[in-house]
Number of protein chains: 6
Amino acid sequence: MSRPVTLFTGQWADLPLETLAQKVSSWGFDGLELACWGDHFEVDKALSSDGYVRAKRDLLEKYGLGCWAISNHLVGQCVCDPIDERHSRILPPRLWGDGDPEGVRQRAAQEIIDTGKAAKLFGVDVVNGFTGSSVWAKLYFFPPTTQDDINKGYEDFAQRWTPILDSFQADGIKFGLEVHPTEIAYDIITFQRAIDAVNGHPAFGANFDPSHLIHQFVDPAEFIHEFGDRIYHAHIKDSRLQLNGRNSILSSHLDFGDRRRGWDFVSPGHGDVKWDPIIRELNRVGYQGPLSIEWEDSGMNREFGAQESLAIVRKNDFAASNVAFDAAFAKE
Amino acid sequence: MSRPVTLFTGQWADLPLETLAQKVSSWGFDGLELACWGDHFEVDKALSSDGYVRAKRDLLEKYGLGCWAISNHLVGQCVCDPIDERHSRILPPRLWGDGDPEGVRQRAAQEIIDTGKAAKLFGVDVVNGFTGSSVWAKLYFFPPTTQDDINKGYEDFAQRWTPILDSFQADGIKFGLEVHPTEIAYDIITFQRAIDAVNGHPAFGANFDPSHLIHQFVDPAEFIHEFGDRIYHAHIKDSRLQLNGRNSILSSHLDFGDRRRGWDFVSPGHGDVKWDPIIRELNRVGYQGPLSIEWEDSGMNREFGAQESLAIVRKNDFAASNVAFDAAFAKE
Amino acid sequence: MSRPVTLFTGQWADLPLETLAQKVSSWGFDGLELACWGDHFEVDKALSSDGYVRAKRDLLEKYGLGCWAISNHLVGQCVCDPIDERHSRILPPRLWGDGDPEGVRQRAAQEIIDTGKAAKLFGVDVVNGFTGSSVWAKLYFFPPTTQDDINKGYEDFAQRWTPILDSFQADGIKFGLEVHPTEIAYDIITFQRAIDAVNGHPAFGANFDPSHLIHQFVDPAEFIHEFGDRIYHAHIKDSRLQLNGRNSILSSHLDFGDRRRGWDFVSPGHGDVKWDPIIRELNRVGYQGPLSIEWEDSGMNREFGAQESLAIVRKNDFAASNVAFDAAFAKE
Amino acid sequence: MSRPVTLFTGQWADLPLETLAQKVSSWGFDGLELACWGDHFEVDKALSSDGYVRAKRDLLEKYGLGCWAISNHLVGQCVCDPIDERHSRILPPRLWGDGDPEGVRQRAAQEIIDTGKAAKLFGVDVVNGFTGSSVWAKLYFFPPTTQDDINKGYEDFAQRWTPILDSFQADGIKFGLEVHPTEIAYDIITFQRAIDAVNGHPAFGANFDPSHLIHQFVDPAEFIHEFGDRIYHAHIKDSRLQLNGRNSILSSHLDFGDRRRGWDFVSPGHGDVKWDPIIRELNRVGYQGPLSIEWEDSGMNREFGAQESLAIVRKNDFAASNVAFDAAFAKE
Amino acid sequence: MSRPVTLFTGQWADLPLETLAQKVSSWGFDGLELACWGDHFEVDKALSSDGYVRAKRDLLEKYGLGCWAISNHLVGQCVCDPIDERHSRILPPRLWGDGDPEGVRQRAAQEIIDTGKAAKLFGVDVVNGFTGSSVWAKLYFFPPTTQDDINKGYEDFAQRWTPILDSFQADGIKFGLEVHPTEIAYDIITFQRAIDAVNGHPAFGANFDPSHLIHQFVDPAEFIHEFGDRIYHAHIKDSRLQLNGRNSILSSHLDFGDRRRGWDFVSPGHGDVKWDPIIRELNRVGYQGPLSIEWEDSGMNREFGAQESLAIVRKNDFAASNVAFDAAFAKE
Amino acid sequence: MSRPVTLFTGQWADLPLETLAQKVSSWGFDGLELACWGDHFEVDKALSSDGYVRAKRDLLEKYGLGCWAISNHLVGQCVCDPIDERHSRILPPRLWGDGDPEGVRQRAAQEIIDTGKAAKLFGVDVVNGFTGSSVWAKLYFFPPTTQDDINKGYEDFAQRWTPILDSFQADGIKFGLEVHPTEIAYDIITFQRAIDAVNGHPAFGANFDPSHLIHQFVDPAEFIHEFGDRIYHAHIKDSRLQLNGRNSILSSHLDFGDRRRGWDFVSPGHGDVKWDPIIRELNRVGYQGPLSIEWEDSGMNREFGAQESLAIVRKNDFAASNVAFDAAFAKE
């Protein structure tokens with residue numbers, strides 16, 4: 001009756017999937033959200049090798065784990081981004097190729113289409129990920145930046161992603177953009193703008209993740225309220241302000257984990273996110289998919305954290321009311 | 001005894017300097033901080049034409065106005081920036097040239113050197129401005145960004161600006177970087193990093209401006225305390241948070257003046273900046289230069305605002321104590 | 001260029017109008033918002049006596065005062081209210097009659113129609129006031145109260161006020177409801193509901209008054225933003241929370257002026273209302289009518305307060321920007 | 001040693017008592033606070049039928065449940081209220097009769113006397129409930145309302161309730177008014193006024209319930225401190241502010257559960273009530289009665305909520321200190 | 001009609017009285033509160049020399065200044081204090097003598113009696129000052145400190161001060177203790193305890209000073225409300241928290257003016273004190289004495305500050321209401 | 001892998017050690033921090049009697065308990081304090097002697113040296129305690145107090161404690177000062193000053209205890225960050241503000257447990273201390289010693305509290321991360 005709780009494997013890609021599955025199963029998780037890197041879920045093999053997806057499912061079933069979504073943030077990022085050397089580090093050579101930006105972007109776009117096809121084969125109907133953005137870097141409007149300049153970014157997004165979304169739709173797959181700084185959408189205003197840019201394409205929605213909203217001072221529950229029917233997946237992740245008059249909310253080009261940053265990611269329950277209003281809104285909009293823990297905390301033991309997070313999610317995931325109170329008292 | 005109050009002319013470049021000087025004088029300002037665009041202060045003419053700087057001084061003196069600094073933000077921005085079409089809009093054709101990025105950057109660097117020389121001719125010893133930054137756009141560390149990546153940006157800054165600073169120093173000119181998002185330094189941490197990058201070059205300091213710090217949650221008085229001997233100039237400018245759970249502190253790629261932004265510039269006294277602690281710290285560190293109003297408020301009449309700002313600065317600019325209290329009571 | 005500042009005469013009805021006009025004029029006000037009680041503006045006389053409105057205008061002109069609105073809160077209150085003995089104290093005998101509730105309500109409704117006609121004769125196009133409400137007293141939903149119960153109250157309002165509004169519209173008069181607890185609308189939600197109840201009747205709008213919103217924790221600027229084209233008049237009035245863990249926001253059935261209340265009215269500038277965002281929104285929505293000080297503070301000398309309030313309004317009433325900043329800097 | 005935890009049955013009156021008892025017992029509750037509606041506790045039957053109260057006790061004992069109080073809010077509400085059609089929905093026909101207000105009030109008063117007698121038969125010494133109020137609806141003092149007007153309401157309360165309280169006292173029963181908006185007392189000030197109105201009648205006290213105080217900004221622990229010896233019973237219930245600048249603390253005539261309200265009831269631990277100071281004060285004043293969960297949350301599954309609430313109460317109910325610290329350290 | 005505004009001369013004792021009087025008069029003050037050190041008001045001379053007080057009055061009148069109180073904090077401090085070398089610095093040799101603690105305390109007590117007599121001669125009826133305290137230093141209860149230990153301090157205070165207060169009363173003089181850390185009373189609780197210790201002696205009251213309360217988080221207006229009839233004099237002085245997570249509210253044994261302190265004195269209007277509620281309470285309790293600026297701000301020019309303070313007091317000192325609002329509207 | 005959790009026995013000295021050990025063991029603690037009073041750890045016996053320390057160890061081992069530190073706050077307090085009768089209550093007669101202050105101080109100093117020797121015999125390398133202070137009582141700088149006055153206090157501390165610290169160092173013992181009001185150091189500034197006074201003596205460090213910092217508004221995590229390598233031991237203890245405008249942060253010379261105080265000690269988890277940042281900083285600085293619960297809460301049952309505290313510590317004590325996140329995602 002309560003929602004399945006999964007672990008997103010992206011931060012555990014240093015472990016072979018089976019090792020991870022065994023751990024996660026013993027901790028009591030219901031399933032995994034597989035990252036399309038490491039050996040967790042390989043799109044090319046899924047499409048090219050007959051038994052690949054079956055073998056993955058078998059492995060998960062061996063440990064009693066389900067899977068409701070696969071995620072391909074790294075490749076998605078390259079679809080719209082201006083490409084620089086950092087992208088070479090997150091792509092396999094077959095996609096990086098010669099590194100020519102437009103070529104990289106086009107190969108990335110095709111890989112995302114393929115990810116949708118692989119998802120279908122694998123039997124999940126949600127692909128999460130990033131989109132990249134040609135205008136993110138123009139965030140602060142200096143040199144003077146016009147709405148025309150920004151509109152071009154949204155048009156570029158629409159042009160590159162509409163074919164992907166069409167392909168997804170044809171296969172019954174939904175794309176959940178993890179709304180996130182560096183992407184075409186990172187808050188309520190820009191996600192609406194992105195939806196409008198693709199004319200409300202039904203395959204385009206959100207992988208809701210409060211950790212990217214809360215440090216922007218955006219109320220995560222308000223995001224769910226606003227985009228109720230486009231919440232295709234949900235991450236459980238937390239972040240925390242650590243402002244003291246000397247720290248900047250922009251975080252000073254410092255690494256995650258540096259205490260001089262203005263905010264940082266922390267294990268769920270250790271940050272500023274309030275879970276009750278989120279669960280309440282997820283109930284109101286009827287979201288019944290997994291609550292997927294994306295675990296990242298530079299100051300905590302990873303295995304301790306994953307288990308504590310699971311306990312916290314289980315404790316906080318309550319169902320909606322099934323009775324109506326007549327104001328305060330049942331009628332006689 | 002109190003500090004001179006000037007108006008920065010950058011936001012008034014649509015008015016001929018004389019028109020502006022006449023207004024500003026009648027409002028009671030002590031002087032102007034001349035922008036190096038419009039006809040306010042033209043570097044090329046100052047260096048090439050014998051009487052140019054004398055004529056400027058005469059014009060100011062005609063209206064009883066002083067000048068303690070000139071400012072060249074627009075050209076400075078192009079010294080380190082990755083160049084895109086927005087830069088073409090802020091540069092004169094002679095500097096934009098064919099728009100080849102490296103060429104633009106080098107011509108901009110030379111122009112800043114020339115600005116220093118023009119300042120010397122004109123008789124001021126502070127040039128304010130921007131530096132640009134090759135790494136600003138990598139602010140949010142995704143795709144994964146290493147400190148090596150960022151260090152390259154500071155090295156680039158040091159390489160391009162050290163010759164400029166050397167030239168300034170030779171001429172007795174100080175450069176006041178307006179610490180500001182989009183620049184090599186925008187908060188306490190990054191300004192320190194920039195100082196370190198140029199090995200504490202004595203010509204390198206700050207044009208202190210609280211409006212760019214306060215919306216980052218950086219305490220402006222703390223900035224002055226930290227960098228007391230490098231405060232070469234000071235702007236009076238204000239900004240204000242307008243967060244309500246739906247707005248993002250990152251301001252959603254929206255224009256200034258759009259009420260859906262998470263913060264915006266407002267006329268001094270209408271925002272979140274507290275002036276008392278700033279004046280107190282300026283007193284403590286011994287800053288005796290001008291308080292220069294950079295006026296920008298998308299929701300207020302400009303002339304009303306400039307006059308109100310002047311009144312606010314006059315009211316708030318108090319001198320340090322010249323007696324010592326023996327704790328609470330003078331000794332008998 | 002700035003808006004006229006008037007004084008609402010309702011709290012000064014103990015003074016003959018001429019006495020008040022003389023004072024107010026000497027203090028520097030631009031005009032009066034006449035209350036339809038005391039001898040300030042008598043609707044019956046205005047309609048029955050030829051020279052009445054001319055004489056009023058003459059009196060105002062003698063003191064250099066304008067008038068942009070008349071206000072009839074007391075009679076308006078009786079149009080929809082369940083009538084009790086308190087209403088007898090705010091009505092003249094000709095309207096109270098035998099006190100039969102439905103008779104009182106109907107006579108009050110007719111008097112409001114007449115007030116519109118008198119306003120037309122007098123040459124103002126705004127009548128401010130209250131509406132009363134048959135459901136206000138059911139505010140807290142116990143005994144259990146359904147939306148059907150509440151809807152009846154809005155239907156009653158529509159039925160009683162539509163004829164009034166039609167008459168106003170025919171005469172070119174607008175009705176400004178002072179959105180206020182005890183009325184059919186007292187916040188953003190209920191004012192929208194009231195507008196919907198009269199099908200968006202063009203004669204129905206608001207006499208904006210922040211003092212009734214702020215202690216409800218409703219942001220007054222948001223109210224203006226939401227109902228921009230229905231702001232027909234504006235009061236300058238302030239209120240203040242005085243909560244300490246022992247006081248109730250519901251104010252404990254205590255008199256105004258009792259310090260044990262959870263909030264109280266105070267002179268403008270002494271309360272929780274922030275004027276800058278209000279002026280900014282009034283500018284955005286294009287409101288150019290008077291700023292009318294409704295002065296009420298149980299703890300301050302009335303004449304001191306009226307003059308201080310005028311000074312505060314003058315100081316805070318700035319005009320909108322008439323230049324566009326190109327982000328931060330005018331283009332070269 | 002810790003206090004018994006009971007569930008108030010008022011919000012579960014749709015379930016037959018035995019069904020509820022079975023559930024509640026299996027969840028680990030210590031007992032029930034029986035509502036005098038549904039089949040939970042029927043006053044008329046208790047007084048007229050020989051075996052009724054014995055059978056109720058047997059049923060409770062069958063499931064190992066105790067009972068320390070019965071509650072008759074619905075009838076109590078009708079003792080002082082102006083009666084309207086909403087009251088017909090909360091009364092049985094034998095009490096509503098022809099609906100003539102004074103008749104309803106008098107029958108309700110007699111029923112409360114009978115409730116005390118039934119309580120005595122049943123073997124509990126606390127009856128909780130409401131009082132109604134003839135002046136609640138005059139909360140906001142417009143039309144102008146005098147202290148004389150309000151005093152009449154307290155006199156009416158005293159006149160109607162003194163006979164009830166006398167009867168209770170004769171039977172050794174205490175009445176715990178659930179201090180609550182819509183009642184004669186809803187905060188610290190008004191509860192004192194009500195106590196004074198009945199001359200400090202020893203049978204008159206409070207059913208302490210923090211959920212009705214906290215959204216008024218009244219500190220619940222302060223309430224206990226103030227009225228320590230009149231805390232006759234205690235509810236565990238929670239409410240939460242959801243103010244965002246658009247919502248009103250008065251809740252806009254919206255149903256419970258509507259997210260546009262300014263506050264709403266939520267399951268204990270999900271709201272603004274802090275339990276530690278409440279337990280601490282209950283310890284200080286020596287309250288040893290039950291902690292009775294009145295569960296109401298429009299956004300949560302009822303059975304999940306009741307169980308979670310029980311766990312929260314158990315966790316938070318600590319005993320007072322039984323040692324004295326000699327400042328910080330025991331003496332040597 | 002508004003209260004006289006005076007300057008306390010204690011922090012100006014480096015200036016001869018005439019120099020100070022001339023300045024203060026030119027700034028627009030109404031008078032001085034004379035300190036009994038420097039040459040401002042010498043108790044011994046006032047009692048021994050015939051023309052001394054007449055000459056002082058003449059000097060004040062020459063500059064149009066009044067005087068409503070004299071103040072002898074330094075000597076008063078020595079009445080109850082454990083005496084150490086710091087006291088030698090605040091006493092004249094004739095009072096310090098051989099420095100034997102009990103002798104110092106007794107001479108100080110006699111000097112305060114004499115101060116009252118001198119005040120009478122001079123024609124003022126209020127003497128302000130300190131009391132010292134034998135238990136202040138035991139503030140933090142370690143080593144373990146009992147109420148018996150503390151009671152001894154209040155008994156000592158009563159024993160030493162009752163004769164002084166009796167003498168004052170005989171002469172029609174009131175003593176205004178500046179409630180202040182280091183004294184027998186420094187907040188609401190301890191001032192009540194001190195009043196009780198002297199059995200409510202009518203000559204014992206407060207020189208209200210909000211700057212010593214606000215950094216203790218005591219609401220100054222609440223202090224006035226609590227002790228309305230014992231407010232014998234009022235200081236206008238301000239202090240400000242400067243807490244940032246590194247500073248201690250106990251101020252770390254650092255000098256005033258050190259920015260690392262947790263709080264510091266600042267010029268009125270620059271600190272945390274809110275003047276409106278103070279004026280309102282002074283009005284409510286009927287205080288009509290002077291508002292005496294005790295100016296102390298380690299970071300501001302003294303002469304600037306005194307003048308700004310005067311302007312702030314003038315602006316904030318409003319009178320009570322002299323009309324009753326009938327709720328919101330005058331009756332017709 | 002996680003840190004051992006111990007109970008400090010100081011507040012349980014009314015119980016024989018074996019009784020306490022049995023309880024604590026059954027509750028699941030890992031060990032005890034023994035107080036050097038009661039029969040818990042007697043320094044004189046440890047040094048004079050052969051089997052004493054062995055017997056203590058045997059007793060602890062019998063209950064499976066470890067010991068990592070002993071604590072001698074009471075005697076330490078007397079090393080630097082001005083001695084008054086309160087000290088007689090915390091010292092044994094052999095140390096109090098005739099009560100002559102200097103004699104008491106010297107005997108106390110020797111006893112602390114002996115405590116170090118006893119610790120060595122017992123096999124622990126940390127002694128916690130207090131230092132006393134000759135200047136604490138001069139906290140509030142009136143009568144005027146100079147830095148010279150204060151410096152004398154730090155010199156006195158250095159003179160008295162350096163021999164102790166030298167002896168400790170020779171024996172491989174570290175002294176953990178519980179930074180605490182009434183001691184030579186009570187916050188960040190004063191602890192640094194104390195370290196400087198003893199020239200950074202390696203035997204001098206902190207027994208970190210957040211309950212003494214948080215009510216001073218000092219961030220406990222910042223303290224750890226600042227003094228990472230001098231955190232020799234850690235207490236888990238909590239305190240809580242209870243300010244309401246009437247209470248003073250200085251706590252009004254009221255006993256612990258009096259609700260009118262501005263703050264009070266409470267059981268861990270019930271106060272203002274946030275444990276996550278503390279654990280995070282302890283991890284960062286590499287502290288691996290015990291987390292020792294010093295339990296003190298005047299409003300809670302002691303045995304309930306100790307057990308709850310243990311559970312809270314266990315829940316909150318997480319280890320540092322042992323993987324590096326590459327920003328947000330592991331590299332492919």
Side-chain angles (χ1 to χ4, degrees), chain A residues 8-15 35-40 42 71-75 77 86 88-93 95-96 130 178 180-182 211-212 237-238 240 242 244 255-260 264-267 269-271 294-305 307-308 311, chain F residues 1-5 187-189 208 210 213-214 216-229 231 234 268-269 272-288 291 311-332:
Chain A
F8 174 48
T9 72
Q11 280 84 358
W12 308 72
D14 55 313
L15 299 181
C36 297
W37 55 90
D39 75 338
H40 293 189
E42 294 145 295
S71 293
N72 205 347
H73 296 69
L74 301 183
V75 175
Q77 184 68 28
R86 296 174 306 165
S88 75
R89 304 181 206 142
I90 60 171
L91 286 182
L95 296 179
W96 177 255
F130 286 156
E178 189 165 322
H180 179 290
T182 70
S211 70
H212 308 305
K237 188 160 174 246
D238 210 341
R240 173 161 85 183
Q242 43 198 22
N244 60 11
D255 288 337
F256 292 100
D258 190 313
R259 77 193 293 277
R260 296 170 299 160
D264 209 344
F265 293 121
V266 288
S267 192
H270 293 253
E294 181 184 5
W295 198 87
E296 185 176 338
D297 183 331
S298 303
M300 186 184 284
N301 178 280
R302 182 168 64 165
E303 302 207 358
F304 173 96
Q307 294 171 76
E308 188 194 54
Chain F
M1 198 166 69
S2 51
R3 298 174 184 89
V5 185
D187 63 7
I188 290 175
I189 303 281
F208 167 76
L213 301 171
I214 195 82
Q216 292 184 64
F217 299 87
V218 174
D219 176 358
E222 190 74 13
F223 185 94
I224 300 170
H225 173 70
E226 190 84 9
F227 301 111
D229 56 354
I231 305 295
D272 297 329
V273 173
K274 293 179 185 159
W275 301 104
D276 174 292
I278 286 173
I279 296 300
R280 225 166 261 270
E281 282 305 317
L282 289 176
N283 286 345
R284 279 182 181 144
V285 305
Y287 175 76
Q288 290 300 330
L291 301 176
I312 286 171
V313 176
R314 294 274 193 232
K315 182 175 182 312
N316 279 281
D317 182 24
F318 57 83
S321 175
N322 51 2
V323 290
F325 292 98
D326 188 6
F329 284 79
K331 193 184 172 332
E332 184 160 20

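Below, read A as the first sequence line, B as the second, and so on, with proteins coming before strands; counting in each chain starts at 1.
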Worksheet, complete the sentence: Nearest heavy-atom contact between S321(F) and D297(A) is CB-O, 4.2 Å
Worksheet item: Of the backbone (N, CA, C, O) and the side chain (C-beta and beyond), which part of R240(A) lies under 4.5 Å from a heavy atom of chain F, both, or neither?
Response: side chain
Worksheet entry | Reported CG-to-CE distance for the pair D276(F) and M300(A), which is rounded to 0.5 angstrom | 6.0 Å
Worksheet item: Which word best sums up how the rings of F318(F) and H270(A) line up, parallel for under 30°, tilted for 30 to 60°, or perpendicular for over 60°?
Response: perpendicular
Worksheet entry | With L15(A) via side-chain contact (heavy atoms from CB on, under 4.5 Å) - residues at least two apart | W12(A), L20(A), K23(A), R302(A)
Worksheet item: E308(A) versus chain F, heavy atoms under 4.5 Å apart: side chain, backbone, both or neither?
Response: side chain
Worksheet item: Do R259(A) and R284(F) have side-chain heavy atoms sitting under 4.5 Å apart?
Response: yes
Discussion item. For D317(F), give me all partners under salt bridge (Lys or Arg N to Asp or Glu O under 4.0 Å), at least two apart in sequence or on another chain.
Written reply: R3(F)
